[in-house]
Protein chains: 2
Amino acid sequence: MTAACSRPFSQVLDRLRSAGLRPTRQRLALARLLFDSCDRHISAEQLHSEAMDNNIRVSLATVYNTLHQFTAAGMLREIVVDAGRSYFDTNTSDHHHFFFERSGHLEDIPGDMVSVTKMPSPPPGTHIRRVDVIVRIAG
Amino acid sequence: MTAACSRPFSQVLDRLRSAGLRPTRQRLALARLLFDSCDRHISAEQLHSEAMDNNIRVSLATVYNTLHQFTAAGMLREIVVDAGRSYFDTNTSDHHHFFFERSGHLEDIPGDMVSVTKMPSPPPGTHIRRVDVIVRIAG
DNA sequence: GTGTTTGCAAAGTGTTTGCAATTTA
DNA sequence: TAAATTGCAAACACTTTGCAAACAC
């Protein structure tokens, strides 16, 4: 039943602890939904209704809080492809995305499939936090 | 008075006509604000208040409509960096962006400063509409 | 005149917030 | 018990919509 790339329960617990987050019922249940399968790109509303489907009582506000807390803890990465909706990616390693405009669906592109060269340097005192590449697919 | 890279009035008119858009007072005034200087990254609210400052009477709804019509006509490009706010870029040539997270400010990166290699092909029947590279600057 | 465009205010969307009640350590 | 967390509903910011009045051709 456990998907090939699920994260062990203990690892999730450790991540929560080291982020100073108590392992509450809601956070554990959401973590299970998020990390029991691979490479999910999920919105808050989607995760909330998935929780409902699994009889996990959790409010939408808590889903938002939890997604942001997990993101701050490095367990998720936020992706913005489209004004007015955020997706959260369970794959936090270096990679990029196809965005299928027709369906709104996201798909990973491995980090080594893209190379960015000759980047101008950022102003002194600042640094590059991340480079997002979004390949927009139409049709 | 005219900035170095402004677009001639006649070109704007032709673009509007070929998109089937009547050159109304509002559209012409907004076009002037947008294209009289170079490489602007502007939100609907910003353009609306700029119009107010210049005594151009135009409603926010019309600013939104106009920005979308200009985008459909290829005169603008929409950029999404951040859920809940769209920017419109007056530079429609091939290029990418620095996004300064602290200030919310955008800056162009010339297209030839970035190279994307070995891209996986999109599914049959679809095509790549655009590749967006956003370099997120923190600090 | 005829069809397009506009402005307004209302509705819609996704997200955040304030605070009392609950839960955790 | 003290501090963190939750749920709810209300507030929010941005965007879109519906429709009558104004406008372009």
Side-chain angles (χ1 to χ4, degrees), chain A residues 12-33 41-52 54-73 75-76 78-89 104 106, chain B residues 9 12-33 41-52 55-73 75-76 78-88 101 104 106:
Chain A
V12 170
L13 258 180
D14 287 347
R15 282 305 257 298
L16 288 180
R17 283 211 190 88
S18 66
L21 298 173
R22 288 180 180 173
T24 63
R25 182 178 61 77
Q26 289 87 340
R27 294 208 264 240
L28 290 173
L30 293 175
R32 165 157 295 181
L33 289 178
H41 304 100
I42 199 171
S43 70
E45 305 259 9
Q46 280 166 17
L47 183 58
H48 183 243
S49 60
E50 209 169 290
M52 301 313 243
N54 287 270
N55 293 307
I56 298 163
R57 262 192 35 266
V58 62
S59 72
L60 184 55
T62 297
V63 172
Y64 275 104
N65 287 338
T66 302
L67 286 171
H68 288 139
Q69 291 155 348
F70 285 8
T71 301
M75 299 163 69
L76 291 175
E78 191 170 358
I79 310 173
V80 181
V81 275
D82 166 2
R85 173 176 266 104
S86 277
Y87 287 94
F88 293 85
D89 188 347
L106 280 164
Chain B
F9 181 73
V12 171
L13 257 179
D14 287 349
R15 282 306 258 298
L16 288 180
R17 283 211 190 87
S18 65
L21 297 174
R22 290 181 179 173
T24 62
R25 181 177 62 75
Q26 289 85 342
R27 293 209 262 239
L28 290 173
L30 293 176
R32 165 157 294 180
L33 288 178
H41 304 100
I42 199 169
S43 71
E45 304 258 9
Q46 279 165 18
L47 182 58
H48 183 244
S49 59
E50 209 170 289
M52 301 313 243
N55 293 306
I56 298 163
R57 262 191 35 264
V58 62
S59 73
L60 183 57
T62 297
V63 171
Y64 274 106
N65 288 338
T66 302
L67 287 171
H68 288 140
Q69 291 156 348
F70 285 8
T71 301
M75 299 163 68
L76 291 175
E78 190 170 359
I79 310 173
V80 181
V81 276
D82 176 0
R85 172 177 267 107
S86 277
Y87 286 94
F88 293 85
E101 298 187 328
L106 281 163

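By convention in this document, chain letters (A, B, ...) are assigned in the order of the sequence lines, proteins followed by strands, and residues within each chain are numbered from 1.
Residue-to-nucleotide proximity on DNA chain D shows that, of Pro23(B) and Ser86(B), the 5′-proximal contact is made by Ser86(B).
Residue Ser43(B) is classed as having no contact, given no heavy-atom separation below 4.0 Å to the nucleic acid.
Between the CG atom of Leu67(B) and the P atom of dT6(C) there is a distance of 12 Å, rounded to whole Å. In this entry the distance linking CD of Glu45(B) with C1' of dA13(D) reads 8 Å, nearest Å. Whole-Å rounding puts the Tyr87(B) OH to dT15(D) P distance at 10 Å. Taking atom CG on Leu16(A) and atom P on dA25(C), their separation rounds to 11 Å, with Å as the unit. Put simply, NE2 on His68(A) is 9 Å from C1' on dT16(C), counting in whole angstrom units. Spacing between atom CD of Gln46(A) and atom C1' of dG14(C) amounts to 13 Å, rounded to whole angstrom units. Summarising the geometry, the separation between OH on Tyr64(B) and C1' on dA11(C) is reported as 15 Å, rounded to the nearest angstrom. Atom CD of Glu78(A) is separated from atom C1' of dG14(C) by 12 Å (rounded to the nearest Å).
Atom CZ of Arg57(B) sits in a sparse spot, with 12 or fewer heavy atoms from other residues, nucleotides or ligands closer than 6.0 Å.
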Worked check of side-chain contact (heavy atoms from CB on, under 4.5 Å) between His68(A) and Phe88(A)
CA-CA 9 Å; His68(A) 288 139; Phe88(A) 293 85; 3.9 Å; yes
### Query
Stepwise, does the side-chain contact (heavy atoms from CB on, under 4.5 Å) test hold for Leu16(B) with Leu28(B)?
CA-CA 9 Å; Leu16(B) 288 180; Leu28(B) 290 173; 4.0 Å; yes
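The main-chain N or O of Ala61(A) is never found under 3.5 Å from a side-chain atom of His48(A) such that the two would form a donor-acceptor pair. With Arg27(B) contributing its side chain and Arg22(B) its backbone, the two residues share a donor-acceptor pair below 3.5 Å.
The base-pairing partner of dC25(D), taking Watson-Crick or G-U wobble contacts with both distances under 3.5 Å, is dG1(C). When Watson-Crick and G-U wobble pairs are counted only if both distances are under 3.5 Å, dT16(D) pairs with dA10(C).
The distance from atom OG1 of Thr62(B) to atom CD1 of Ile56(B), rounded to the nearest 0.5 Å, is 12.5 Å.
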Per-nt protein contacts along nucleotides 1-12 of chain D (heavy atom under 4.0 Å; B base, S backbone sugar-phosphate only, - none) come out as --BSSSBB----
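Within the 4.5 Å cutoff, no side-chain heavy atoms of Leu30(A) are placed close to those of Leu67(A).
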